[in-house]
Amino acid sequence: MAGSPNSNIRGFNHAVQTLLKQPAQFLPHLTIPTFTYLPEDLGPHLIAKPPTTSSTEKKIPKIRALVLDKDNTLCTAKTTTFPPQILKKLQELRTSPTSPFHQTHNPDSILIVSNRAGSHPNYDNEVRELEAQLAHLRIPVFRVPAGTDKKPFCGDEVVRWFREREVIQSPSEIAVVGDRLGTDIIMAGLMGSWSVWCKEGVFEAGNPQRSILEKMEVWIEKYLRESRGLKAPAPKGWDEN
């Protein structure tokens, strides 16, 4: 099992340790049913509503880059097929005149980071298929560098990718969007970025084929939020930028 290109034992162990020591890091800053509900102006949705007092002004995060998961967020797991509503949403994010992720004004602002496509040479065909379908939108797939573990441990390399292209100045200008708390949401915390959880996966009706781990994550999130009263901590120092 250790030799399987799609195994992620270290990631599982890290998720367990996070739950035991820093459970709030398991929680997303924003929960939406599916990717199609992602707000174009994301920043105001990532923090609690400001107080009603006129004397207090709450700073709003400025999101300049998106990290998008593939499996069960953009495509059905282990496929490279984009449902029409997902492609429509990607098209809107890349072409809307008001979008901060417009492909002309901010061409390198969206990156697909998957624990399948781009994580191992065995999945190079998937990378080619995904990028061919998204060529008109200029959305690439991240190649995890050799010697680097995949999500949630490749966050530093993802941040560097955006910095090198002068998309961001701070990791707190990135939002990570995905369906897995134990990889996507935890990686956002390790990066010092914001997180968005697509609770139902690709389709609003949910995923009837969820694994035991995925079902456990849904239960754990509800328990931490409702019974423990925890909430996701904001990225350190984000309001100082």
Sequence neighbours excluded, the answer for salt bridge (Lys or Arg N to Asp or Glu O under 4.0 Å) partners of Glu200 is none

Would Asp71 and Ser114 satisfy side chain to side chain contact (heavy atoms under 4.5 Å, CB included), going step by step from the backbone distance to the final call?
CA-CA 7 Å; Asp71 290 302; Ser114 170; 3.9 Å; yes

Is the shortest heavy-atom distance from the side chain of [X] to the side chain of [Y] under 4.5 Å?
| X | Y | answer |
| --- | --- | --- |
| Ser109 | Leu66 | no |
| Cys75 | Val202 | no |
| Asp124 | Arg128 | yes |
| Ile32 | Val196 | yes |
| Asn115 | Thr183 | yes |
| His14 | Leu190 | yes |

Under the 3.5 angstrom rule, does the side chain of [X] hit a backbone N or O of [Y] as a donor-acceptor pair?
| X | Y | value |
| --- | --- | --- |
| Asn106 | His102 | no |
| Glu173 | Gln169 | yes |
| Lys150 | Arg116 | no |
| His29 | Pro233 | yes |
| Trp238 | Ser172 | no |
| Glu214 | Ser211 | yes |
| Ser99 | Leu93 | yes |
| Glu217 | Gly182 | yes |

We want to know whether Ser96 and Glu40 form a side-chain donor-acceptor pair, criterion being a heavy-atom distance below 3.5 angstrom.
yes

Short side-chain donor-acceptor distance under 3.5 Å, Thr95 and Gln103
no

Where does the angle between the aromatic ring planes of Tyr123 and His120 fall among parallel (under 30°), tilted (30 to 60°) and perpendicular (over 60°)?
perpendicular

State whether the number of non-hydrogen atoms from other residues, nucleotides or ligands found under 6.0 Å of [X] atom [atom1] is greater than 12.
| X | atom1 | answer |
| --- | --- | --- |
| Leu20 | CG | yes |
| Gln17 | CD | yes |
| Gln85 | CD | yes |

Cluster companions of Ile168 among Ile, Leu, Val, Met, Phe, Trp, Tyr (side-chain spacing under 4.5 Å):
Val67, Leu111, Val113, Phe142, Val144, Val158, Val159, Trp161, Phe162, Val167, Ile174, Val176, Met187, Met191

Testing the basics here: between [X] and [Y], what is the closest heavy-atom pair and its distance to 0.1 Å?
| X | Y | value |
| --- | --- | --- |
| Thr80 | Glu129 | OG1-OE1, 2.7 Å |
| Ile47 | Trp194 | CG2-CH2, 3.7 Å |
| Leu38 | Leu42 | CD1-CD1, 4.0 Å |
| Glu131 | Ile139 | CG-O, 4.4 Å |
| Leu130 | Ala117 | CD1-CB, 3.7 Å |
| Lys70 | Thr79 | NZ-O, 2.7 Å |

Does the distance from a Lys or Arg side-chain N to an Asp or Glu carboxylate O, for Glu221 and Arg225, drop under 4.0 Å?
yes

Glu126 vs Lys78, test: salt bridge (Lys or Arg N to Asp or Glu O under 4.0 Å). Steps then yes/no.
CA-CA 9 Å; Glu126 289 194 5; Lys78 300 180 181 180; over 6 Å; no

Step by step, work out the side-chain hydrogen bond (donor to acceptor under 3.5 Å, both in side chains) result for Thr104 and Arg94.
CA-CA 8 Å; Thr104 300; Arg94 292 305 257 170; over 6 Å; no

What pairs with Asp69 under side chain to side chain donor-acceptor pair (under 3.5 Å), at least two apart in sequence or on another chain?
Thr73, Lys151

Starting from the C-alpha separation in whole Å, work towards a yes-or-no answer on side chain to side chain contact (heavy atoms under 4.5 Å, CB included) for Thr34 and Phe203.
CA-CA 6 Å; Thr34 71; Phe203 302 103; 5.7 Å; no

For Ser195 and Asp184: C-alpha separation, side-chain torsions, deciding distance, then whether side chain to side chain contact (heavy atoms under 4.5 Å, CB included) applies.
CA-CA 8 Å; Ser195 58; Asp184 303 304; over 6 Å; no

Begin from the C-alpha positions of Leu68 and Phe35 and carry the test side chain to side chain contact (heavy atoms under 4.5 Å, CB included) through to its verdict.
CA-CA 9 Å; Leu68 305 181; Phe35 176 68; 3.7 Å; yes

